[in-house]
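Inspection log for the structure reproduced underneath, given as structure tokens.
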Protein chains: 2
Amino acid sequence: MQTSTRDRIVLAASRLVQRQGYVGTGIKQIAKEADATLGSVYHFFPGGKEAVAVAAIRHGDQEFAALLREALDSQEDPAAAVDACARLLATALRASDWVDGCPVTAAALETLGTDSEIQQACADALRGWQDVVADKLVRAGIARADARELAGTVISALEGAEVTAQVMRSEEPLLQAGRQLARLVATYR
Amino acid sequence: MQTSTRDRIVLAASRLVQRQGYVGTGIKQIAKEADATLGSVYHFFPGGKEAVAVAAIRHGDQEFAALLREALDSQEDPAAAVDACARLLATALRASDWVDGCPVTAAALETLGTDSEIQQACADALRGWQDVVADKLVRAGIARADARELAGTVISALEGAEVTAQVMRSEEPLLQAGRQLARLVATYR
DNA sequence: GACGAACTAGAACGAACGCTCTATCCAGAG
DNA sequence: CTCTGGATAGAGCGTTCGTTCTAGTTCGTC
């Protein structure tokens, strides 16, 4: 077998949760998509659905962070780098026919009042991405305090723009946000 | 009876969908919360759950638009007005213990692949809010094309910052976004 | 006072949910 | 070879889902 059953479960769960959210995705659907059986899922994740979701979100977190780093490193100038992020997200989103958005937003919103581990995993992801952006800004010579606040805004704006792009089925919101964020970053000199 | 049964259903559905999303909210729960019976719900909304959700989202749309207009009109300067929006959202969010976020995001993300009427209603809401912000910017003397692009970014950023604030259980993301957006708006002179 | 429409009330349906359970398979240790 | 324990397999549990259905109630109009 190429990939382990466990990995296939996490991968399938990650994709499904990203597209349909936590409550919208069933354990049986995950098992089917992963070419695994229900027994296997509960064998590897005794914690049940929530445990699977946490693993899935952490996986999506890492994947997205890598994407972000790659886009940021493709440009020297921080403003251009942020714009490159938006552009990358836009093309990826279009390629998936607007369904593969942010891997944590949907799950995060659905589990807000429930103080489950899922929420914690989502918060960790957002914090991590902000750190990735902040690092780039600091390396480009922006003061640490400014970089942190700017990075938070960049992540929030990209997140919001991605949702908007998905709903509108258009790359424009992301491209707009990229241009405006670049303009904003450029004011820190 | 103070409010009509229909109105109570829409109101309850709006609140529940905002907090738990579309799939996470059951018809029976809506009926219970609205002090109505299942029969009443299907009487007023023969289209079933989806019809209730569409009405609920449209209601949330109007409510949010009014909130936005109010905040924008409270300040003459467009940069200060945008910041006031973020501030208002932040205090409202904290007051609800971080559960009453954007009334359409959750529902929009869950119904992405399904081309239901819900998605259309969400897209309409986002477009409407963007128009509200764009109007304010134009009235403040910003060129129409710039105002539209800027308004789109403002809405996206506020949306994303609200989600981030909910996940982090902190007002900071929204306040940050407000400051940075104000700075961005101020560059258009 | 009678009639039809509007509305309320909740029992019941099939499907899907998350989860538990037992049974089977199979590689490696003794 | 037997024995053992991780991994696989899926039937079935109780519950909840969205929806449908039939009565019952209310009420303005003739």
Side-chain angles (χ1 to χ4, degrees), chain A residues 1-57 106-107 109-111 113-119 121, chain B residues 1-57 106-107 109-111 113-119 121:
Chain A
M1 198 171 302
Q2 203 80 342
T3 60
S4 78
T5 301
R6 206 198 118 102
D7 286 351
R8 272 182 290 122
I9 291 171
V10 172
L11 217 75
S14 174
R15 202 170 42 232
L16 288 172
V17 168
Q18 177 179 26
R19 295 186 183 179
Q20 317 174 341
Y22 175 63
V23 282
T25 302
I27 285 253
K28 288 174 186 173
Q29 187 186 10
I30 292 173
K32 190 173 181 181
E33 199 79 11
D35 262 323
T37 61
L38 209 49
S40 301
V41 176
Y42 277 95
H43 171 76
F44 288 110
F45 299 95
K49 186 183 182 181
E50 184 171 324
V52 178
V54 169
I57 286 169
L109 285 178
E110 287 170 335
T111 58
T114 66
D115 78 328
S116 65
E117 260 194 83
I118 295 177
Q119 231 203 115
Chain B
M1 196 174 301
Q2 204 79 342
T3 59
S4 77
T5 301
R6 205 199 119 103
D7 286 350
R8 272 182 290 122
I9 291 172
V10 172
L11 217 74
S14 175
R15 202 170 42 231
L16 289 172
V17 168
Q18 179 179 24
R19 296 186 183 178
Q20 319 174 340
Y22 176 64
V23 282
T25 302
I27 285 254
K28 289 172 186 174
Q29 188 185 11
I30 293 173
K32 191 173 180 181
E33 198 79 12
D35 262 324
T37 61
L38 212 49
S40 301
V41 176
Y42 277 95
H43 171 75
F44 289 110
F45 299 95
K49 186 182 182 182
E50 183 171 324
V52 177
V54 169
I57 287 169
L109 285 178
E110 288 171 334
T111 57
T114 65
D115 80 328
S116 65
E117 260 194 82
I118 295 177
Q119 231 202 115

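Within every chain, numbering begins at 1; the chains are lettered A, B, ... in the order of the sequence lines, protein sequences first and strands thereafter. All values below were derived from every heavy atom in this structure, side-chain atoms included, with hydrogens, water molecules and symmetry-related copies excluded.
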Of the listed nucleotides [options], the one nearest the side chain of [X]:
| X | options | result |
| --- | --- | --- |
| A:Lys28 | D:dT8, D:dG12, D:dT19 | D:dG12 |
| B:Tyr42 | D:dT19, D:dA7, C:dG18 | D:dT19 |
| B:Leu38 | C:dA9, C:dA11, C:dA6 | C:dA11 |

Residue pair A:Thr25 / A:Gln20, side-chain donor-acceptor N/O under 3.5 Å: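 Indeed, the side chains of A:Thr25 and A:Gln20 share at least one donor-acceptor pair under 3.5 Å.
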Donor + acceptor pair across side chains of B:Thr114, B:Thr111 (<3.5 Å):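 The criterion, which ignores hydrogens and geometry beyond distance, is not satisfied for B:Thr111 and B:Thr114.
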D:dG10 OP1/OP2 closer than 4.0 Å to side-chain N/O of A:Thr37: no
Below 4.0 Å: OP1/OP2 of D:dA7 and any side-chain N or O of A:Thr5: no
[atom1] of [X] versus [atom2] of [N]: gap in Å, rounded?
| X | N | atom1 | atom2 | value |
| --- | --- | --- | --- | --- |
| A:Glu50 | C:dC17 | CD | P | 18 Å |
| B:Lys49 | D:dT16 | NZ | C1' | 12 Å |
| B:Lys32 | C:dG10 | NZ | P | 13 Å |
| A:Ile30 | C:dG18 | CD1 | P | 8 Å |
| A:Phe45 | C:dG18 | CZ | P | 15 Å |
| A:Gln29 | C:dC19 | CD | C1' | 17 Å |
| B:His43 | D:dT22 | NE2 | C1' | 16 Å |
| A:Gln20 | C:dC17 | CD | C1' | 14 Å |

Derivation and outcome, side chain to side chain contact (heavy atoms under 4.5 Å, CB included), residues A:Phe45 and A:Ile30: CA-CA 12 Å; A:Phe45 299 95; A:Ile30 292 173; over 6 Å; no
5'-most by nearest nucleotide on DNA chain C - B:Phe44 or A:Pro46: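 That would be B:Phe44.
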Would you classify [X] as touching base, sugar-phosphate or nothing, given that sugar-phosphate means primed atoms plus P, OP1 and OP2, and contacts are heavy atoms under 4.0 Å?
| X | value |
| --- | --- |
| A:Gly26 | sugar-phosphate |
| A:Ile27 | sugar-phosphate |
| A:Gly39 | base |

Neighbour count >12 (heavy atoms, 6.0 Å) for atom CD, A:Glu50: yes
Stacked cation flag B:Lys49 on B:Tyr22, 6.0 angstrom / 45 deg: yes
